[in-house]
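Structure, as structure tokens:
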Amino acid sequence: MPAQSKGEKVFRGIGVSAGVCRGKILVLHRARHLIARRELSEEKITPEISRFEKSLVQTRQQISEVQRKVVQNMGAKEGDIFEAHLLMLEDRMLVDEVIRMIREEKLNAEFAFHAVAERYTAALAGMNDEYLRERAGDMRDLSARVLDNLLDVADAFDLRHLSEPCILVSHDLSPSTTAQLDKKFVLGFATDIGGKTSHTAIMARSLGIPAVVGLQNVSQELDSGDYALLDGYNGTIIVNPTDQTFFEYGQLAKIRASLEEKLREIQKQPAVTLDGKSIHLSANIEDQNDVEAVTANGADGVGLFRTEFLFINRENSPTEEEQHKVYREVAAALKPQPVIIRTLDLGGDKFASHLQLAQEMNPFLGWRAIRFCLAQPVLFRAQLRAILRASAEGNVKMMYPMISGLDELNQANALVEKCKEELRAEKIPFDEKMEIGAMIEIPSAALIADALAQRVRFFSIGSNDLIQYTLAADRTNERVSHLYEPTHPAILRLIKMTVDAAHQHGIWAGVCGEIAGDPVLTPLLIGLGVDELSAAPRVVPQVKYIVRRLKLSETQALAEFALQCESPSEIYARCQKLARETAPSLFENKT
Ligand code: PEP
Ligand code: MG
């Protein structure tokens, strides 16, 4: 049990992945070094200089190794970054000054090196020249590495060495690091920055790891070893929880268990309203391992297969064969239910280190998703062929992310046609009628939905991006999270416009962004005429639970109200009221 003496402290952020966990905290930052000042006796001076020189050789080897990997995976230009580190390491003035301090002032190597390195860093940071100022960061990095070696400290960010369960606390976690978290050891995580629809948050939900983001400077305030309770429902992390807190959370766990029971009872039931309106309820997945969760949570297939996770955390892109194997496995396992495979959506906050994606000023507005794929026809072709081939094995559909206009859609469709011709010539089977859809996640696409609707078989509204692009509020930035409002009238109008255009042209429209998994917003989306909802497998049962208790007529009345209301918060409050009245059990564990 935790020590009670330090007193309970509550930090509030944004709960992005449901669940409560408790355990010891592990703060991830590069080891902060405790630099002791030691005076050396005469005979210790020469060995100390050797120890310092050995640490430089060790550091050089490590940097060269990192550089080699970067050149191999990303290219020579990226590898050049490490040249600056190597040059600094070989800076004779710096090295001589440290050796002089050890020899003349008889001081230990880490103290001498730290003192000199700090002076260099401060001098660089104070330069007028921007290039030189930026080298201060390189100097800090290099200094940390040398001190790691002198003090024999392991790199704190290497998560492969976790040996006991913990709650990770860090400034940030990248989606690729999150994708590698081992549930056995990571009970939950908390970060200083981040938003609800960042891909880090989406990964956490998909892994079922409770998570809280946007906690400001929690990574500096907490220490490894502190005992904490992390509440992903309400977005809090409570350090040194009192007995009273434990008791309250015990009660919440009981409420949660009784809800789980209710949700299990409807697992095999359809998602249909009390007055008979059927909603296609599907799940979002990131790889083939998620298929089990799709079935276990009673979803009707997959509404969004985010294929980019097959491309990250590896040294090269998956081949057509490799992709085909994965897509086929998912399609065959869920057959006859549909599996909508989304073509690659790299960029934004998802990067594959082996592809040469240069840093951009505005990655979400840059070379991302379909833009990237159309410029990389070899890579795109492999994926299109893999998806087409999998369509012979199940009910596969395909959709393009980030369509902004007709040109992109036409270009992508032309490439598909070319792949089909090739496959026909090679006598490789595929479904000639495989349906192709467009994601509607850029305002321009919603505004020309009537034109797009004539060229695709379905729409899937990517509300995560649609909201960020419409309201100009970065989905990963907690400072603008107050502006990121799903019930903003502009968003509701764009959804309505998309759904109406789809229906006028005889196609269906779904939503696969995170709002599709929020039971508070389920009635509104149904009322707006959405035909399909696709959410993280774990929240599918809750959405189904509320759908089965709603009347289509009341959702339509809600949508009618929302479409003429000017206030996002008023609309949200009405949604909340209807949802809580309809399905109170879903909200009992929220404080
Ligand atoms: C979306 O933008 O809503 C979406 C589902 O795509 P992603 O979250 O992967 O960008
Ligand atoms: Mg998107």
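Atoms within a ligand are numbered from 1 in the order they appear, just like the ligands themselves. Fair warning: this is a prediction, and the values are worked out from it, not measured in the lab. Note that these values count all heavy atoms, side chains included, but never hydrogens, waters or copies made by symmetry.
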Exercise. In Asp465, what N, O or S atom is nearest to the Mg ion (ligand 2), if we give its atom name?
Worked result: OD2
Exercise. Which bit of Gln468 is near ligand 1, meaning a heavy atom under 4.0 Å away: side chain, backbone, both or neither?
Worked result: neither
Problem set entry | Minimum-distance N/O/S atom that Glu441 presents toward the Mg ion (ligand 2) | OE1
Problem set entry | Interfacing atoms of ligand 1 (cut-off 4.0 Å, heavy-atom, Met439) | 4 (C), 5 (C), 6 (O)
For this session: Confirm or rule out an N/O/S atom of Asp345, from backbone or side chain, lying less than 2.8 Å from the Mg ion (ligand 2).
Result: no
For this session: Check ligand 1 against Lys350 and write out every atom of the ligand that is under 4.0 Å from a heavy-atom position of the residue.
Result: 9 (O)
Problem set entry | For atom 6 (O) of ligand 1, the option (of Glu514, Arg342, Met402) bearing the nearest heavy atom | Arg342
Exercise. Any idea which atoms of ligand 1 are less than 4.0 Å away from a heavy-atom of Cys512?
Worked result: 5 (C)
Exercise. Who's closest to atom 5 (C) of ligand 1 heavy-atom-wise, of Glu286, Arg368, Arg306?
Worked result: Arg306
Problem set entry | Thr197 and ligand 1 - part of the residue with a heavy-atom distance under 4.0 Å | neither
Problem set entry | ligand 1 contact on Asn284 by region, counting heavy-atom pairs under 4.0 Å | neither
Exercise. With backbone taken as N, CA, C and O and side chain as the heavy atoms from C-beta onward, which portion of Asp345 lies under 4.0 Å from ligand 1: side chain, backbone, both, or neither?
Worked result: side chain
